[in-house]
Amino acid sequence: MSDSPAKSLTSLPTTKVARAARFAKTGLNVGANYVKHYAKRAVGADSTMADLHAANAAELYGTLSEMKGSVLKVAQMLAMEKNLLPIAYADQFAQAQYQTPPLSGPLVVKAFRDAFGKSPFELFDEFDREARQAASIGQVHFARKDGRELAVKVQYPGVADSIRSDIRLVKPLALRVLGLDEATVRPYMQEVETRLIEETDYALELRRGQEIAAACNNLAHLQFPRYYPELSAARILTMDWLPGQHLREFLLTEPSQQVRNQLGQALWDFYMFQLNELRRVHADPHPGNFLLRADEGGTVGVLDFGCVKEIPEDVHRLFTALLTPETLADPARLAALLEEGGVLHSADAPARRDFYVRTMQASLELVGRPFRQPRFDFGDPSYMQALYALGDDLMQQPELREQREPRGSEHFIYLNRTYVGLYALLTELRASIRTGAE
């Protein structure tokens with residue numbers, strides 16, 4: 001973890017009016033950047049689109065970092081979808097996976113006094129007032145008590161309330177720009193809002209962390225923190241401080257291929273066990289939520305169970321059935337599953353049905369490839385390049401660009417996000433893994 005956090009924030013815009021004003025200010029600044037860009041070009045000065053993207057990305061990321069909460073969480077999600085953004089935005093938003101400006105010391109002390117009637121310096125034997133890591137929902141401080149090294153997560157004030165207001169603020173604009181009907185997108189918006197609000201419920205995160213850690217106790221090369229309910233509250237969560245480094249720092253140590261493979265195997269086994277046995281998955285697999293080390297051939301520390309996707313039985317059956325070789329080889333079976341999953345509608349014209357079946361057949365063949373091979377090498381960059389190229393191709397399809405209604409189960413939003421994130425982690429590790437496919 002970084003020991004030199006960015007300049008602290010002394011306040012957060014928490015009211016709907018304050019956050020709307022901050023959005024408006026950012027919009028004006030972005031507009032000003034466009035004016036400067038075209039003014040320079042008009043007089044023959046150098047100003048490239050890359051320069052414009054860099055300026056706007058920095059402006060937008062500054063706003064997201066200041067506002068935190070749901071808007072910064074969306075930046076984390078976008079950073080994982082590398083084919084959706086210009087490189088300047090992807091690079092800026094990737095910072096949200098590791099470090100954003102932390103809260104100042106007085107606000108941290110106030111959170112403890114509100115929760116326990118004591119300052120953190122009274123509650124712990126030692127408490128580092130400087131955050132070791134600051135992200136979208138909360139920040140982490142190092143502490144000691146009774147000889148134990150602890151990680152203490154402090155939630156930013158007003159985050160839970162701001163999620164609903166942020167979504168209400170952004171939704172009308174998004175619907176207007178995309179030409180979508182509010183009633184049609186309501187289940188999808190509700191799914192995202194529910195998951196985001198759950199991330200602010202530290203009591204729920206504590207319980208899920210304990211339950212999933214206990215269930216995964218026999219999986220090799222994984223480590224989970226112990227949680228401390230007596231040192232936790234609605235906006236404060238205390239757990240063991242795990243050793244290790246985040247992915248970016250760890251890769252700088254140039255680990256051996258054997259260590260990379262073992263770490264990748266641990267991650268794959270962890271997610272497959274959750275999917276197929278627990279029917280719920282740690283659905284926030286960005287690099288900031290894992291600590292890696294080369295001990296014992298490679299060990300993964302798993303952090304942050306704030307975002308967990310519960311998978312209904314029928315959704316699990318549909319998800320796994322869509323990835324099988326039998327489904328890909330049988331267009332009629334695929335069509336039936338796509339209709340069950342809401343991708344195909346009974347009123348669709350034959351030409352549209354054929355288009356969706358062909359498109360999904362090609363997509364599922366590529367996306368599900370690791371599930372169908374006994375061993376898969378994520379060290380081959382051509383696979384993720386093909387995935388990103390597929391995304392580009394789909395975005396250029398006239399039939400999809402003209403579509404004015406989302407399709408498919410809302411449950412797939414976080415399932416897809418989970419496996420995009422896992423694939424990206426395994427690719428950066430360049431891990432070769434056994435998938436368990438026969």
Side-chain angles (χ1 to χ4, degrees), residues 1-5 76 79-82 87 90-91 93-99 132-133 135 140 142 149 151 212-213 216-225 239-274 281-305 369-371 373-388 417-437:
M1 291 185 179
S2 172
D3 292 318
S4 57
Q76 287 182 345
M80 291 158 57
E81 300 277 0
K82 294 180 173 60
I87 188 65
D91 288 346
F93 290 0
Q95 295 181 54
Q97 299 175 339
Y98 297 98
Q99 189 75 26
R132 297 290 182 91
Q133 187 180 12
V140 178
F142 177 82
E149 295 188 342
I212 294 177
C216 297
N217 188 50
N218 293 327
L219 295 179
H221 312 303
L222 293 173
Q223 185 179 16
F224 302 90
M239 67 200 83
D240 287 333
W241 184 275
L242 294 186
Q245 297 172 296
H246 292 306
L247 179 62
R248 182 185 297 170
E249 300 165 315
F250 180 76
L251 292 178
L252 293 176
T253 68
E254 299 184 354
S256 68
Q257 188 61 51
Q258 184 176 359
V259 167
R260 291 170 180 267
N261 290 349
Q262 183 162 299
L263 292 170
Q265 192 69 56
L267 284 166
W268 180 266
D269 292 345
F270 174 51
Y271 274 94
M272 292 302 287
F273 182 80
Q274 292 176 92
V281 294
H282 177 294
D284 197 7
H286 71 75
N289 282 340
F290 300 97
L291 292 171
L292 310 178
R293 61 186 200 274
D295 302 27
E296 300 179 7
T299 301
V300 178
V302 184
L303 308 174
D304 199 339
F305 286 92
R369 199 176 292 172
F371 286 82
Q373 297 182 10
R375 190 168 194 96
F376 197 84
D377 183 10
F378 282 94
D380 180 357
S382 65
Y383 179 65
M384 286 304 286
Q385 289 168 2
L387 278 180
Y388 295 144
R417 176 198 181 191
T418 295
Y419 280 93
V420 166
L422 176 61
Y423 284 10
L425 285 171
L426 295 173
T427 298
E428 289 198 60
L429 276 170
R430 301 201 307 272
S432 176
I433 61 167
R434 302 179 306 278
T435 66

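This chain uses plain numbering: 1 for the first residue, then up along the sequence. Just so it is clear, the values below take in all heavy atoms, side chains as well, and ignore hydrogens, waters and symmetry mates.
The nearest pair of heavy atoms linking Phe250 to Thr253 is O-OG1, 2.5 Å. When all heavy atoms of Ser432 and Arg375 are compared, the pair lying nearest together is OG-NE, 3.0 Å. Scanning all heavy atoms of the two residues, the minimum distance from Ala266 to Ala220 falls at CB-O, 3.9 Å. The minimum heavy-atom distance linking Tyr383 with Pro370 is given by the pair OH-CD, 3.2 Å.
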#### Entry: side-chain contact (heavy atoms from CB on, under 4.5 Å) assessment of Leu387 paired with Met384
CA-CA 5 Å; Leu387 278 180; Met384 286 304 286; 3.6 Å; yes
#### Entry: side-chain contact (heavy atoms from CB on, under 4.5 Å) between Val302 and Ile212, worked out
CA-CA 11 Å; Val302 184; Ile212 294 177; over 6 Å; no
### Task
For side-chain contact (heavy atoms from CB on, under 4.5 Å), just list the numbers for Asn289 and His282, CA-CA rounded to whole Å, side-chain angles, deciding distance to a tenth of an Å, and then say yes or no.
CA-CA 10 Å; Asn289 282 340; His282 177 294; 4.1 Å; yes
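When the shell of 6.0 Å around CZ of Arg434 is examined, it contains 12 or fewer heavy atoms from other residues, nucleotides or ligands. Under a cut-off of 6.0 angstrom, the local environment of CD in Glu149 is crowded, with over 12 non-hydrogen atoms contributed by other residues, nucleotides or ligands. No more than 12 heavy-atom neighbours from other residues, nucleotides or ligands sit within 6.0 angstrom of CD on Glu296.
Proximity of Arg260 to Pro255: side-chain heavy atoms (C-beta onward) are separated by under 4.5 Å at one or more points. In this structure, Thr418 and Gln274 have side chains that are not in contact, with every pair of non-hydrogen atoms separated by 4.5 Å or more. Side-chain contact between Leu291 and His246 is present, with at least one heavy-atom pair separated by less than 4.5 Å. Residues Ile433 and Gln265 have side chains in contact (heavy-atom distance under 4.5 Å, counting atoms from C-beta outward). At a threshold of 4.5 Å between non-hydrogen side-chain atoms, the residues Trp268 and Phe376 do not count as touching.
Here the two rings, on Phe371 and Tyr419, have centers that are under 6.0 Å apart. Under the 6.0 Å cut-off for aromatic ring centres, Tyr423 and Tyr271 do not qualify, their centroids lying 6.0 Å or more apart.
Checking each of Thr427, Val281, Leu267 against Leu422 for a side chain to side chain contact (heavy atoms under 4.5 Å, CB included) leaves exactly one that passes, namely Leu267. Looking at Leu242, Leu219, Leu263 one by one, the single match for side chain to side chain contact (heavy atoms under 4.5 Å, CB included) with Val300 turns out to be Leu263.
Thr299 contributes no side-chain N or O that, together with a main-chain N or O of Arg293, makes up a donor-acceptor pair within less than 3.5 Å.
In this structure, Leu303 CG and Met239 CE are separated by 7.5 Å, a value rounded to the nearest 0.5 Å. Residue Asn217 holds its CG atom at 10.0 Å from CG of Leu222, rounded to the nearest 0.5 Å.
In this structure, a donor-acceptor pair under 3.5 Å is present between the side chains of Asn261 and Gln257.
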